[in-house]
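Let me begin by presenting the structure, written as structure tokens, before commenting on it.
Just so we're on the same page: letters track the sequence lines, and every chain starts at 1.
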2 protein chains.
Amino acid sequence: MTEVTKDLYQVKEKMYVATDCIIFGFHEGKLKLLVFKRRVEPLKGEWSLIGSFVRLDEDLEVAGKRVLKEATGLENVYMQQLRSYGKKDRDPGYRCISVAQYALIRIDDYDEKLVEEHGAKWFEIDHLPLLILDHNRMVHDALIQLKQIARYKPIGFELLPEKFTIPQLQILYEAIYQRELDARNFRKKVLSLNVLEKLDEKDKSTSKRGAFLYKFNYENYQRLLKSGYNFEIA
Amino acid sequence: MTEVTKDLYQVKEKMYVATDCIIFGFHEGKLKLLVFKRRVEPLKGEWSLIGSFVRLDEDLEVAGKRVLKEATGLENVYMQQLRSYGKKDRDPGYRCISVAQYALIRIDDYDEKLVEEHGAKWFEIDHLPLLILDHNRMVHDALIQLKQIARYKPIGFELLPEKFTIPQLQILYEAIYQRELDARNFRKKVLSLNVLEKLDEKDKSTSKRGAFLYKFNYENYQRLLKSGYNFEIA
DNA sequence: ACAAAAGTGTTGGCCCTACACCCATGC
DNA sequence: GCATGGGTGTAGGGCCAACACTTTTGT
């Protein structure tokens with residue numbers, strides 16, 4: 001970056017840096033996205049991702065976590081930067097670059113009141129409304145990356161409650177990949193990874209017989225990763 | 001983004017947005033990175049990626065391509081955004097977020113004079129010097145993504161001259177994956193993809209017998225992608 | 001007793017890996 | 001004629017996909 005460039009930059013108007021959060025959840029067998037009704041002009045009343053300007057004294061990731069917490073009350077959530085969107089005319093109001101970050105949350109953990117205050121709503125991933133600006137594009141890109149990453153990281157577990165059944169896990173993966181999976185093969189595969197701990201309880205909410213509950217074993221997952229992972233689901 | 005946030009933002013000092021280019025090339029069987037001697041204070045004389053502030057009237061991608069062209073004279077180059085780096089203290093001078101973008105260039109195409117004017121040098125990827133700020137981190141992250149993407153996109157071809165031999169292609173993939181590949185299996189795999197066109201010429205620069213030259217067939221690649229790609233090299 | 005979801009094994013095909021020798025040519 | 005890299009085929013194993021029936025239990 002030359003001195004010339006720097007001067008040119010400084011005489012012009014301001015560059016804004018924002019971050020937008022793509023918040024995924026999972027509920028009733030569907031992958032969902034948390035969408036917000038915009039409170040300020042322009043585009044007031046339109047559906048939108050939730051975002052904020054990045055503060056000068058704030059790390060980029062911290063800004064994402066702050067936004068997420070303000071909206072849902074949640075902390076210590078799986079969050080990952082997607083990429084930045086920087087078309088010069090992407091926002092009619094400002095010259096604004098947005099860093100998109102996506103989060104996976106356990107949908108029954110979040111603070112429902114807080115979410116309501118923000119005028120937010122969960123939408124099924126394949127029935128999203130029209131969002132402002134390039135937000136639909138962001139979600140689309142995030143979904144692609146989610147599918148990719150789900151192949152070699154156990155991110156699926158971030159979206160389920162601590163205890164879950166194998167059929168539940170399967171339905172989640174089916175929602176992410178948007179296709180059906182074979183129950184026998186799926187069970188075989190995930191159990192062969194040795195990262196699930198079978199519990200003595202059953203969940204009887206979905207069948208008379210009941211399905212055994214499992215929980216994720218993070219230590220085994222770490223060991224698996226180190227010893228040359230062949231971790232890959234579906 | 002609330003009004004409160006916006007005001008808070010505006011009373012503070014400026015946020016800068018830069019882009020840094022990770023320029024990969026391939027030469028003499030080695031994957032290389034183009035590194036620049038920094039011309040301005042602070043950190044003048046240190047090795048660095050080349051970058052620039054993003055102009056207010058300029059798309060993010062355009063900024064990356066501009067920087068690349070200023071440094072190498074090249075246009076129409078494969079370029080991809082990596083991600084943004086936004087630790088609040090990552091640059092001691094400014095509060096600056098940098099969007100890292102990487103490019104793959106054919107190393108014999110670039111404008112050598114231009115590069116020399118910038119005080120630039122090609123370094124082998126596993127003998128990089130210490131770079132300023134978080135630039136080594138950027139390169140590290142870019143390499144990981146390069147390996148990933150090389151598995152399902154034929155990016156390797158961007159790094160070779162238009163006509164190349166199969167052994168050359170193999171050496172390139174070995175450089176990217178940093179491990180040796182089996183020559184028979186490699187040849188079988190890439191030929192089975194049907195994206196290489198065998199030419200009638202041979203390259204005799206590396207052996208008496210000579211190796212047949214091939215070129216990449218973009219149409220076949222497009223068809224392959226659409227018809228459910230099982231495209232995966234190494 | 002029946003409905004509804006949970007759970008369980010085997011087989012065939014494909015792809016990947018490993019591996020050793022002949023070919024063409026310049027010197 | 002020999003040294004150097006280019007080019008070729010096969011066999012075994014592992015992994016994945018496809019597939020149907022029994023178990024449990026609430027009603």
Side-chain angles (χ1 to χ4, degrees), chain A residues 28-30 147 150-152 160-161 163-175 177-215 224 227-234, chain B residues 28-30 147 150-152 160-161 163-175 177-215 224 227-234:
Chain A
E28 293 169 343
K30 310 279 187 183
K147 288 182 197 181
R151 298 182 71 83
Y152 60 92
L160 290 173
K163 301 173 182 182
F164 52 87
T165 67
I166 303 226
Q168 275 168 30
L169 186 61
Q170 178 178 346
I171 290 166
L172 168 57
Y173 273 90
E174 289 178 336
Y177 290 125
Q178 286 163 311
R179 67 187 174 89
E180 294 190 352
L181 302 172
D182 180 276
R184 275 182 285 193
N185 295 336
F186 182 82
R187 177 181 296 269
K188 212 184 313 167
K189 187 85 139 289
V190 295
L191 288 179
S192 75
L193 297 171
N194 262 2
V195 294
L196 296 188
E197 263 174 53
K198 190 172 186 173
L199 305 176
D200 262 341
E201 306 166 66
K202 282 191 165 187
D203 169 70
K204 296 215 170 184
S205 62
T206 55
S207 78
K208 334 264 180 173
R209 178 176 176 179
F212 276 103
L213 287 162
Y214 289 78
K215 63 177 193 177
L224 178 62
S227 67
Y229 39 74
N230 29 334
F231 194 100
E232 191 166 328
I233 294 170
Chain B
E28 294 169 343
K30 310 278 187 183
K147 288 182 198 182
R151 297 182 71 84
Y152 61 92
L160 290 174
K163 301 175 183 180
F164 52 87
T165 68
I166 302 224
Q168 276 169 30
L169 185 61
Q170 178 177 346
I171 289 166
L172 168 58
Y173 273 90
E174 289 179 336
Y177 289 125
Q178 288 164 311
R179 67 185 175 91
E180 294 191 352
L181 302 173
D182 180 275
R184 273 182 286 194
N185 295 336
F186 181 80
R187 176 181 297 268
K188 212 184 314 167
K189 187 84 138 292
V190 295
L191 288 179
S192 76
L193 297 172
N194 262 3
V195 293
L196 296 189
E197 263 175 52
K198 189 172 187 172
L199 305 176
D200 263 342
E201 306 166 65
K202 281 191 167 187
D203 168 67
K204 297 216 172 185
S205 63
T206 53
S207 77
K208 334 265 179 172
R209 178 176 175 178
F212 276 104
L213 287 162
Y214 288 79
K215 63 177 195 179
L224 178 61
S227 67
Y229 39 74
N230 28 334
F231 194 99
E232 190 167 326
I233 294 171

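Spacing between atom CG of B:L193 and atom P of C:dC15 amounts to 12 Å, rounded to whole angstrom units. Here C:dC15 presents its P atom at 12 Å from NZ of B:K188, a figure rounded to the nearest Å. Between the CZ atom of A:R151 and the C1' atom of D:dC15 there is a distance of 14 Å, rounded to whole Å. Between the CZ atom of B:F164 and the C1' atom of D:dG6 there is a distance of 16 Å, given to the nearest Å. A:Q168 has its CD atom 14 Å from the P atom of C:dA5, to the nearest Å. Distance B:L181 CG to D:dG6 P: 15 Å, rounded to the nearest Å. In this structure, A:R187 places its CZ atom 16 Å from C1' of D:dC19, rounding to the nearest Å. Distance, A:F186 CZ to D:dA18 C1': 17 Å, rounded to whole Å.
Here the side chain of A:N185 is nearest to one of D:dT8, D:dT10, D:dA18, namely D:dA18. Between C:dG9, D:dG6, C:dA6, one nucleotide has an atom nearer to the side chain of B:P167 than all others, and that is D:dG6.
At least one donor-acceptor pair under 3.5 Å links the side chain of A:E174 to the backbone N or O of A:L181.
The CG atom of B:L224 lies 8.5 Å from the CG atom of B:N194; values are rounded to the nearest 0.5 Å. Note: B:Y177 OH to B:R151 CZ = 5.5 Å, rounded to the nearest 0.5 Å. Considering CG of A:D182 and CD of A:Q170, their distance stands at 7.5 Å, rounded to 0.5 Å.
No N or O donor and acceptor, one from the side chain of A:R184 and one from the base of C:dA6, sit under 3.5 Å apart. Between the side chain of B:K189 and the base of C:dT17 there is no donor-acceptor pair of N/O atoms closer than 3.5 Å.
Closest non-hydrogen pair, B:Q168 versus B:K163, comes out as OE1-O, 4.5 Å.
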Report the C-alpha separation of A:R187 and A:L191 in whole Å, then their side-chain angles, then the decisive distance to 0.1 Å, and conclude whether the side-chain contact (heavy atoms from CB on, under 4.5 Å) test is met. CA-CA 6 Å; A:R187 177 181 296 269; A:L191 288 179; 3.7 Å; yes
**Item:** Stepwise side-chain contact (heavy atoms from CB on, under 4.5 Å) check, A:T206 with A:T165
**Value:** CA-CA 10 Å; A:T206 55; A:T165 67; 5.9 Å; no
Got a list of protein N/O to nucleotides 25-27 of chain D N/O distances below 3.5 Å?
unit_1: D:dG26; atom_1: OP1; unit_2: A:K204; atom_2: NZ; d: 3.3

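Along DNA chain C, the nucleotide nearest A:A211 and the nucleotide nearest A:D182 are compared for position; the residue whose nucleotide lies closer to the 5' end is A:A211.
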